Amino acid sequence: MARRASSLSFSFFLLILHLLLISATSKATPEHPIKRVPFFIFGDSFSDAGNNNYINTTTLDQANFWPYGETYFNFPTGRFSDGRLMPDFIAEYANLPLIPPFLQPGIDQFFLGVNFASAGAGALVETFKGDVIDLKTQLSNYKKVENWLRHKLGYNEAKMTISRAVYLFSIGSNDYMSPFLTNSTATLKSNSNSKYVGMVIGNLTTVIKEIYKIGGRKFAFVNLPALGCLPAIRIIKPDSNGRCLEETSLLAALHNKALSKLLFVMERKLQGFKYSLFNLRSSLQQRMKHPSKFGFKQGNTACCGTGKFRGVYSCGGKRPVKEFELCENPNEYVFWDSFHLTERAYKQLADEMWSGLNGSKIVGPSNLKQLFQN
């Protein structure tokens, strides 16, 4: 009897020891990391993290030289700013690393997403054709990544990854600016404004539906600013006395109206389709009209460039016009160069995209935080 009791005590001791070891091991082993939501980025120079560094293009569509990148990176990365762009901040808020450009050498995995954007790109293949990666080609590059994910993860896991991901689009500005910048408004004149906008929206619709068909469900969009009020566009007509070029802004306004309607319809027709639409037009206009309210000193003049509003696109001295001026403190300016914004402005806009209140007329029906978390 005593021997049995001793045997039971020893067995109980071993059981307790075993449980303690399991407990200690589980504490020593790091928790399985929560799967982060991948982030895929499509668009133009407002999102390009350096893809144009790796294509045969012009310096008009490149930013891989000083003083681009001087504020945050301390060297030019190909981003059209003194530092980071909106998608860089969104990635940070989503607990992701900086999302690399698709064409960057050495990128061998895409689990957390990739950036396909190309400065100068449009939804139309004809926009700056030959110098940029148009939206249709960006979609083709995405399909390569989709195949890579299916190969690495298997069909089911890849499908889940694709459906969890957030897809950001910032495109259209170049489609409407290029005719004025290249003096080739014939295409515009041969089509009504609504028909031309319909062509741009039609191409964008095709790409969204393709990604939805592949499995994408969460989409984010940035609408177009009042393009005629960008420093470079204000100076196109010498006799305008610096006024905004209304023809260009009108096209952007028509585009924004059509985009808003498109997304409203898609949400109702496509099962599981979720979206966030950021009103860049309104948000940027507020900063241009009332810069001091947002901590800026200059709302219309660029930090880097030359001429009125520093609207001549010469920042860096690598473009046709070599002369340029550079402000002392980019944080005081909304615009970095003749077309693009400073890092500080991009951060403010990214903050609104991320956590803007629904119903604020700045972002909706979801903000980016909700898209990443749901």
Side-chain angles (χ1 to χ4, degrees), residues 36-49 69 71-73 77 79-99 112-113 115 117 165-171 173 218-226 230 256 259-260 263 274-300 302-303 329-337 339-374:
R36 288 181 283 180
V37 174
F39 190 23
F40 295 103
I41 300 155
F42 302 79
D44 51 30
S45 55
F46 269 40
S47 297
D48 186 355
T71 300
Y72 179 77
F73 299 100
T77 63
R79 288 169 173 81
F80 285 75
S81 180
D82 60 303
R84 290 163 289 182
L85 308 176
M86 288 184 288
D88 296 321
F89 290 108
I90 298 300
E92 179 187 332
Y93 304 155
N95 194 30
L96 295 168
L98 287 174
I99 304 298
L112 299 179
N115 187 323
V166 171
Y167 301 83
L168 173 66
F169 288 83
S170 169
I171 197 112
S173 294
K218 299 188 286 185
F219 295 83
F221 301 87
V222 177
N223 77 5
L224 306 187
L230 303 183
N256 290 346
L259 176 62
S260 184
L263 298 176
K274 296 179 183 178
Y275 76 92
S276 174
L277 175 58
F278 176 58
N279 192 344
L280 174 64
R281 183 187 181 98
S282 172
S283 198
L284 183 55
Q285 270 189 324
Q286 288 176 32
R287 285 161 176 79
M288 291 169 69
K289 288 181 178 179
H290 311 288
S292 59
K293 186 179 173 183
F294 299 91
F296 299 103
K297 289 185 178 179
Q298 280 289 350
N300 294 308
C303 169
N329 185 2
N331 285 334
E332 295 177 348
Y333 289 72
V334 173
F335 284 93
W336 163 249
D337 68 17
F339 292 99
H340 309 100
L341 311 182
T342 56
E343 178 184 85
R344 188 178 187 204
Y346 280 132
K347 184 184 187 306
Q348 290 185 7
L349 299 174
D351 290 348
E352 291 182 347
M353 289 174 69
W354 180 255
S355 56
L357 296 175
N358 191 5
S360 64
K361 296 184 180 179
I362 292 295
V363 65
S366 298
N367 59 33
L368 265 293
K369 184 178 182 181
Q370 290 166 332
L371 275 193
F372 273 95
Q373 292 182 346
N374 297 329

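Bear in mind that the values here come from a model prediction, so they are computed numbers and not experimental data.
The shortest side-chain heavy-atom distance between L277 and N223 falls under the 4.5 Å cut-off. Between H340 and S45, some side-chain heavy-atom pair lies under the 4.5 Å cut-off. Proximity of F46 to L349: side-chain heavy atoms (C-beta onward) are nowhere separated by under 4.5 Å. Residues F221 and L263 have side chains in contact (heavy-atom distance under 4.5 Å, counting atoms from C-beta outward). Side-chain contact between Q373 and S366: absent, with no pair of heavy atoms (C-beta onward) separated by less than 4.5 Å.
Here the closest heavy-atom approach between residue F294 and residue Q348 is recorded as O-NE2, 3.0 Å. Counting all heavy atoms, side chain and backbone alike, R281 lies closest to N256 at CD-ND2, 3.8 Å. Between V334 and G299, the closest heavy-atom pair is CG2-CA, 3.9 Å. Shortest non-hydrogen contact noted between W336 and P330 is CZ3-CG, 3.9 Å. For the pair G364 and Y275, the tightest heavy-atom approach, listed with the atom from each and the gap, is O-CE1, 3.9 Å. Nearest heavy-atom pair across G356 and N367 is O-ND2, 3.2 Å.
Listed for the N115 side chain is a donor-acceptor partner under 3.5 Å among the backbone atoms of S47. Of the possible polar contacts, none joining the S170 side chain to the G43 backbone as a donor-acceptor pair under 3.5 Å is found. Judged by distance alone, the side chain of S81 and the main-chain N or O of L341 form a donor-acceptor pair under 3.5 Å. The closest donor-acceptor contact from the side chain of K218 to the backbone of N374 lies under 3.5 Å.
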message = For a side chain to side chain contact (heavy atoms under 4.5 Å, CB included) check, start with the C-alpha distance between V222 and L168, then their side-chain angles and the critical distance, and finish with the verdict.
response = CA-CA 8 Å; V222 177; L168 173 66; 4.2 Å; yes

key: Test side chain to side chain contact (heavy atoms under 4.5 Å, CB included) applied to M288 and F335, step by step   = CA-CA 9 Å; M288 291 169 69; F335 284 93; 3.9 Å; yes

key: Test side chain to side chain contact (heavy atoms under 4.5 Å, CB included) applied to F73 and L98, step by step   = CA-CA 12 Å; F73 299 100; L98 287 174; 3.9 Å; yes

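Applying the salt bridge (Lys or Arg N to Asp or Glu O under 4.0 Å) test to every pair with at least one member in residues 284-293, sequence neighbours left out, gives these pairs: R287-E352.
F40 and Y167 have parallel rings, their planes meeting at less than 30° on a 0 to 90° scale where 60° marks the start of perpendicular.
Partners of P291 according to the side chain to side chain contact (heavy atoms under 4.5 Å, CB included) rule, which considers only residues two or more places apart in sequence or in another chain, are F296.
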Let me have the donor-acceptor pairs involving side chains of residues 84-91, under 3.5 Å, with sequence neighbours excluded, atom names and distances please.
| residue | atom | partner | partner atom | Å |
| --- | --- | --- | --- | --- |
| R84 | NE | E343 | OE2 | 3.0 |
| D88 | OD1 | R79 | NH2 | 3.1 |
| D88 | OD2 | R79 | NE | 2.8 |
| D88 | OD2 | L85 | N | 2.9 |

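Ring-centre distance between W354 and F372: below the 6.0 Å cut-off.
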